[in-house]
Amino acid sequence: MKRLAPALLALALVACKGPGAASDAARPAPEPPPTAPAEVLATVHLAHPRATSEALSQRTELSIPVDLTLAAVLGVDVAVLGAVETERPVDLLVLGPVERREVLLSLTPGSAARARSALGSRYRFLHARGLGERLEPRGDPGLSGGRARAPCALVTTPGRITARVVCASSDEALQRAGRWLAFTAAERAEDPRDVSGEVRAEALSGLLVPSLREGWATVRGGLLADATRARREHGRPPEIGDPEAAVQVLGEVVDALAEGASDLTRLTFSATLGAADLRLELQTELRPDGRSALVADALGRLQAPDGHPTASLLPADAPLVLSSRGSPERVRSAARTLVDALLRVLGPRVPDPTSARRDLLALVSDAGDDLSVGFAEDAPEGFEATFALGLSRPEGATRAVAALAQSPWLRAVRVGPLPVVSGIAGGGVRIVWPEPLRAAVSGPPRPPRVLVLAVREGTLVAVLGRHATDSLAAMGLRRRTGAGAAVPGASLAAALAVGRSRTELTYGAAREGAGLRGTLRLRAPDEALRALQAVLAEAFRPSLPFLR
């Protein structure tokens, strides 16, 4: 009896643990929260991808199938897509290094139990330390196609939805960052913005810049091909507006953007579809000691005053208005860049480029901190462009304008037919082209195109259009009556009217601790989105069949 006592005691202790004791012992111990993997290049959060896709499709007539995109582009098994709910959040992660980047995707199931039920016939669930439960295919992959199928795992997460299905471009990436992405997705589950994300410096320099250059190479090739056709049609050097004339200037813009990427440490973005518009926000974190034009521009905007006085000289009905304020030094630098670009575009049309550059720079040597540009309908044949540059001292610009009226090089410039140069009442220059800048087309004669330059209301103004002289005379009245164009605040602002709607863009810079932050905001009404879609469809329909 004494020998049986220890055995009976041991049996009693085992019985007290209950029938689940064996399974509890086999269950893996809880794991600590994951740490961020090295070399995160970018993250993207889609709050409700299906609804966002359907809303964009309705507003722009673009067909954007979410499930097909995930299956075809990222290789997610259609069975996995059937076990999650794409109306719930989807998160994307791009890991470095850039040369061997990996992509991971976090999808939201209704619950862990529903995911297991939906996937149980096709997958086994195998525990993987530091990840969760790997989805191991059962037998033949069938219609899903085994070769392109991305590896996936079911990961337990904190929060209201207690699991995420994570897929990756490789098994190694899934093990390295799958659990971290799932936890990150759980933390962002209540983010109300339709799309939000972050791009790190390595991705900007290693991914976006090469993509920008590759895209520009394609566009450049198309522009040069168009230029060749245009040259054959009119048999003269490129006209202003011909594709070839813009290639060099646009190439320099691409180079400047690529250079600016080297001074970007982080870029965050978000997009929200409102009831009748799209709102975008882009924030850049910059190195304040950077040497790119992007940093210099941001530094020049830090102390920019509110408002855009020069915009009050523009036509009130201008559908497109752009205003900018920065330090006078930055404004003058931008004006010098514009003068140089103009002379490059005109090329051999200007017989004395040295004198031309001297006279044109004299116009902007006393530039202030404010400039505005507007485009308004002038006649059925085109638009009228108005440029207004605030001056710190109008006397120098007034003398420079008067000198232009007598300039030999300007009288010898040929843009289409020989322009007629003369002075105008009250001081200024009037340049008349007897026919449009491009070669004349069949039909009745059109009014000449006129450019006027003058100093008005302490501002250097230039108007290009059919009725430029009349528009110049109306500027002072606009300012006195408050009937000029209006633009939003911020140091850089633009407004585009399409029908009755108005697209607004603003950009400003601010100190962020020891760094520098630039913030770009865009609000585009549905009417503007539809107009953009029509333009894209016309331009790219042959190569992009999803543009209906």
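Just so we're clear, the structure is a prediction, and the values are computed from it rather than from any experiment.
Of the possible polar contacts, one joining the T265 side chain to the E285 backbone as a donor-acceptor pair under 3.5 Å is found. Side chain of D359 to backbone of L404: no donor-acceptor contact under 3.5 angstrom is found. With T503 contributing its side chain and L522 its backbone, the two residues share no donor-acceptor pair below 3.5 Å. Between the side chain of R479 and the backbone N or O of P309, at least one donor-acceptor pair lies under 3.5 Å. Within the 3.5 Å criterion, the main-chain N or O of A405 finds a donor-acceptor partner in the side chain of R411. In terms of modelled atom types and a separation under 3.5 Å, the side chain of S501 and the main chain of A497 share no donor-acceptor contact. With hydrogens and angles ignored, the 3.5 Å screen pairs no side-chain donor or acceptor of S333 with any backbone N or O of R330. Judged purely by atom type and a 3.5 angstrom limit, R357 has no side-chain atom pairing as donor or acceptor with the backbone of R336.
Annotation for D306: atom CG does not count as buried by contact number, only 12 or fewer foreign heavy atoms lying within 6.0 Å. Within a 6.0 Å sphere centred on CZ of R393, other residues, nucleotides and ligands contribute 12 heavy atoms or fewer.
Just one residue in the list L273, T272, V44 forms a side chain to side chain contact (heavy atoms under 4.5 Å, CB included) with V195, and that residue is V44.
Between L460 and V401, the closest side-chain pair of non-hydrogen atoms falls below 4.5 Å. L451 has its side chain out of reach of V463: every pair of non-hydrogen atoms, C-beta onward, lies at least 4.5 Å apart.
Side-chain contact annotation: R521 with T506, donor-acceptor N/O pair under 3.5 Å absent. The closest side-chain donor-acceptor pair between S312 and R478, if any, does not fall under 3.5 angstrom. Judged by distance alone, the side chains of S262 and R291 never bring a donor and an acceptor atom under 3.5 Å apart. For T310 and D370, the side-chain atoms include at least one donor-acceptor pair closer than 3.5 Å. Side chains of E384 and S471: a donor on one and an acceptor on the other come within 3.5 Å. Between the side chains of S270 and S196, no donor-acceptor pair is found at a separation under 3.5 Å. Using modelled atom types and a 3.5 Å distance limit, the side chains of R200 and T43 yield no donor-acceptor pair. At a cut-off of 3.5 Å, with distance as the only test, no side-chain donor of H45 or D191 sits close to an acceptor on the other residue. Under the 3.5 Å distance criterion, with hydrogens and angles disregarded, a donor-acceptor pair is assigned to the side chains of S292 and D263.
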Given salt bridge (Lys or Arg N to Asp or Glu O under 4.0 Å), test R502 with E504 step by step and report yes or no. CA-CA 6 Å; R502 180 178 166 98; E504 294 184 350; 3.0 Å; yes
Please assess E457 against R480 for the test salt bridge (Lys or Arg N to Asp or Glu O under 4.0 Å), listing each intermediate value before the final yes or no. CA-CA 10 Å; E457 307 283 329; R480 287 190 293 273; 3.7 Å; yes
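Scanning both residues, S205 and P210, for their nearest heavy atoms gives O-CD, 3.5 Å. The shortest heavy-atom contact between F383 and P319 is CE2-CG, 4.1 Å.
Looking at R266 and E198, a side-chain N of the basic residue comes within less than 4.0 Å of a carboxylate O on the acidic one, giving a salt bridge. Using a 4.0 Å cut-off between a side-chain N of Lys or Arg and a carboxylate O of Asp or Glu, R287 and D289 do not qualify as a salt bridge. Using a cutoff of 4.0 Å between basic side-chain nitrogens and carboxylate oxygens, D366 and R332 are not scored as salt-bridged.
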